[in-house]
2 protein chains.
Amino acid sequence: MNIYDISKAAGVSIASVSRVINGADNVSEKTRKKVMDIIDEYGYTPNAYARGLGRGSMKTIGIMCSDSSDIYLANAIYYLETDLRKNGYNSILCCTGYDLETKKASFDLLKSRQVDAFILAGSKYVEKDPADNQYIIDGAREHPVMMVNGCIEADGIYSVRSDDKGGMKEAFTQLHESGAKKIIYVYSSDSFSGEQKIEGIRAGAKKCGIPEENLRIVKGKKSYGDIAELLEAEYEKEAFDSIIASSDTSGIGAVKFAVNHKLRIPEDIQIVSYNNSKLAEASTPELTSVDAKLEEVCQKTCDALMKLLNPPLDENGNALAVSIPARTVVKTKLVKRATTRF
Amino acid sequence: MNIYDISKAAGVSIASVSRVINGADNVSEKTRKKVMDIIDEYGYTPNAYARGLGRGSMKTIGIMCSDSSDIYLANAIYYLETDLRKNGYNSILCCTGYDLETKKASFDLLKSRQVDAFILAGSKYVEKDPADNQYIIDGAREHPVMMVNGCIEADGIYSVRSDDKGGMKEAFTQLHESGAKKIIYVYSSDSFSGEQKIEGIRAGAKKCGIPEENLRIVKGKKSYGDIAELLEAEYEKEAFDSIIASSDTSGIGAVKFAVNHKLRIPEDIQIVSYNNSKLAEASTPELTSVDAKLEEVCQKTCDALMKLLNPPLDENGNALAVSIPARTVVKTKLVKRATTRF
DNA sequence: ACAATAAATGTAAGCGGTTACAGAGAAGAA
DNA sequence: TTCTTCTCTGTAACCGCTTACATTTATTGT
């Protein structure tokens, strides 16, 4: 069932059918009705590829993420997909894993799908070796690239992220003000935002007058159990009275450590985690967590993208140049729950 | 940069370029090299739409799910997407929400994208009113529809799901054998698998010789807090000594109720949840949970789909008819942790 | 009633590939 | 050398749509 079949059945030209399905205003009511009746009768759905070929845009955004089952990314995908669809855009999702070659392959695949833009969700897309980011920089010459919580400096690459540095600084400061003397920071992944968070911890320490050498920053693996064990080992070395975790997942590991160790929360030990995902509330006791404002980040990402992709037109119908900020930083918010005394 | 540009630059015809990029074997080494060199130099990526138009299949599967941020669905999406991509297929994701009209619109959208098949992830796609499933049944006449944890009886619709009934029956039985006298079942969503689970509870009760009227089955909202409150209210009415929850989310609500109420887990109250997602381990204490074997379910879904889409060929190159089971049921496994005495 | 103008419709040329088919060249056989 | 056969390459039609432009039909004013 294609446009020819419909045009034949309706007794009009394919151009008229095209006009009807695209809601053009220069079609007579009679024609529109004839065509719509036939379409309803046969249940015709226009072929999006042919459409895209014909008009040069598929109204499709390519979303890359490392692992859609990660709760943070799962939320991001949901917000992005929903928001884009509201704007008439579809999304193609690629879960790339963490391997550079797979990421590149996915990027190519999305290119072949003629996506109008890329969204790289999560900060895993900034490689330590700048040369490894080249494929993104090259891609950005053809299509806008939006980085959610990542940041690469290049033309056509836009970044919207939460203020991880500020968020961590606030967490540290609050903890310190509530009487914490010995704070340990646990994290589990190196990435762009991972670095920002550490900077935030450092900034907090500085503000609180805590010397660099007294700062304890430890790296563990991703699972609850591993984080709990790591903290156990660290506690053996030297006790601490507060834990800041780089994610809610790590925060839960911290809770498990405290419970195993029979430390009372928050009397003996305070815990602050990051992201304020559903996990923070799932924990018992519920985690005090820095809300990374993911929904807002995603929404601003879409807004900016829509502006880029659908620039306002001048009186002659020419696209006006739009300028959107290369970086947008969204303020975080500390959400107080049961694992802290403040 | 299109196939004409490449053919011009390489000094060959577009047919030769096409052959090279498709790995045809009837191209001379010389030609292949010329073309590949040009492609590498200019970084050409074939337009997938034009390709799909030309050959009638886009090697794309449409995945529908209600809400990708749901931890269960997020995992399903990850497994499906990864598995499909391994088989050379891409996926387009639609988060449809729970509204029938949106679901239909998404289905149409995927049709317009010429997907080779549909995967409906999650059991929300089976409506109570059979007439409302018609759009799926109609769609299945053109393309295979795989339902992950749902089941509609019709040609072209295949279902792979976990044995929710059996899983719940086992949970009930085990709880009963470990001394539970008063078991309450909490759930939070009506759906195909929701019904299966209740049937399982009933079957368990029957097996244990518990009369229908002593069965307590209550429905709550989705959030941890709501489930906890609901249980609180029920406990006021009449105490119970065990909780079975329809999901890990509800299980966490149950834990919160128990902790708030100062009931010791598992001495005073036992809890079994369902899915065995990361949430089960995130809980403190960790939840005993029925593993729904989601990964296996997804993998079997992809396997079946690949068989359907790429049937074996006979000596004349004609597709042989393949028959795959209309329903596949995957056995669940009770994973014992800290919220039960067994 | 008729020209001038506006509105509706149709024609045909792309969009970027695939592929059946024909044609050219090279290699082998007689 | 000439005819066959086989391998490689190119031409052109097609996939299903959009859209600029040409053409037809309807509307308006005088």
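Here is the naming used below: chain letters follow the sequence lines, and residue numbers restart at 1 for every chain.
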> In degrees rounded to 10°, what angle is found between the helical axes fit to the five outermost pairs at each end of the helix from C:dA1-D:dT30 to C:dA30-D:dT1?
Replying inline: 40°
> What is the distance from CD of B:Gln114 to P of C:dG16, rounded to the nearest Å?
Replying inline: 19 Å
> Of the non-hydrogen atoms in B:Gly97 and B:Lys103, which two are nearest, and what is the gap between them?
Replying inline: O-CE, 4.0 Å
>> If you define the side chain from C-beta out and look only at heavy atoms, does anything of B:Leu84 sit under 4.5 Å from B:Ile119?
In response: yes
> Would you call A:Asp303 and A:Met306 a side-chain contact if the rule is heavy atoms closer than 4.5 Å?
Replying inline: no
> Which whole-number value in Å describes the distance from A:Lys30 NZ to D:dT25 P?
Replying inline: 12 Å
> Atom OH of A:Tyr4 and atom P of C:dG10: how far apart are they, to the nearest Å?
Replying inline: 14 Å
> Near DNA chain D, under 4.0 Å by heavy atom, which residues of residues 11-29 of chain B?
Replying inline: B:Val12, B:Ser13, B:Ile14, B:Ala15, B:Ser16, B:Arg19, B:Asn26, B:Val27, B:Ser28
> Please give, in whole Å, the distance from D:dC14 P to A:Leu53 CG?
Replying inline: 17 Å
> So, A:Asn149 versus A:Tyr72: side-chain donor-acceptor pair below 3.5 Å or not?
Replying inline: yes
>> If only side-chain N and O atoms count, and only distance matters, is there a donor-acceptor pair under 3.5 Å linking A:Thr60 with B:Arg113?
In response: yes
> Between A:Tyr49 and B:Tyr49, what is the ring plane arrangement, given parallel below 30°, perpendicular above 60°, and tilted in between?
Replying inline: parallel
> What's the CG-C1' distance between A:Asn47 and C:dG17, to the nearest Å?
Replying inline: 13 Å
> D:dG16 P sits how many Å from A:Asn2 CG, rounded?
Replying inline: 5 Å
> Once you round it to whole Å, what is the distance between P of D:dC15 and CE of A:Met1?
Replying inline: 14 Å
>> Quick check on A:Asp99: does its CG atom have over 12 non-hydrogen neighbours (other residues, nucleotides or ligands) under 6.0 Å away?
In response: yes
> Is any side-chain nitrogen or oxygen of B:Tyr44 closer than 4.0 Å to OP1 or OP2 of C:dG17?
Replying inline: yes
>> Measure CZ/A:Arg51 against C1'/C:dC15 and give the value in whole Å, please.
In response: 15 Å
> Hey, does A:Tyr135 have a side-chain heavy atom less than 4.5 Å from the side chain of A:Leu100?
Replying inline: yes
>> For B:Leu109, give me all partners under side-chain contact (heavy atoms from CB on, under 4.5 Å), at least two apart in sequence or on another chain.
In response: A:Arg85, A:Asn90, B:Cys94
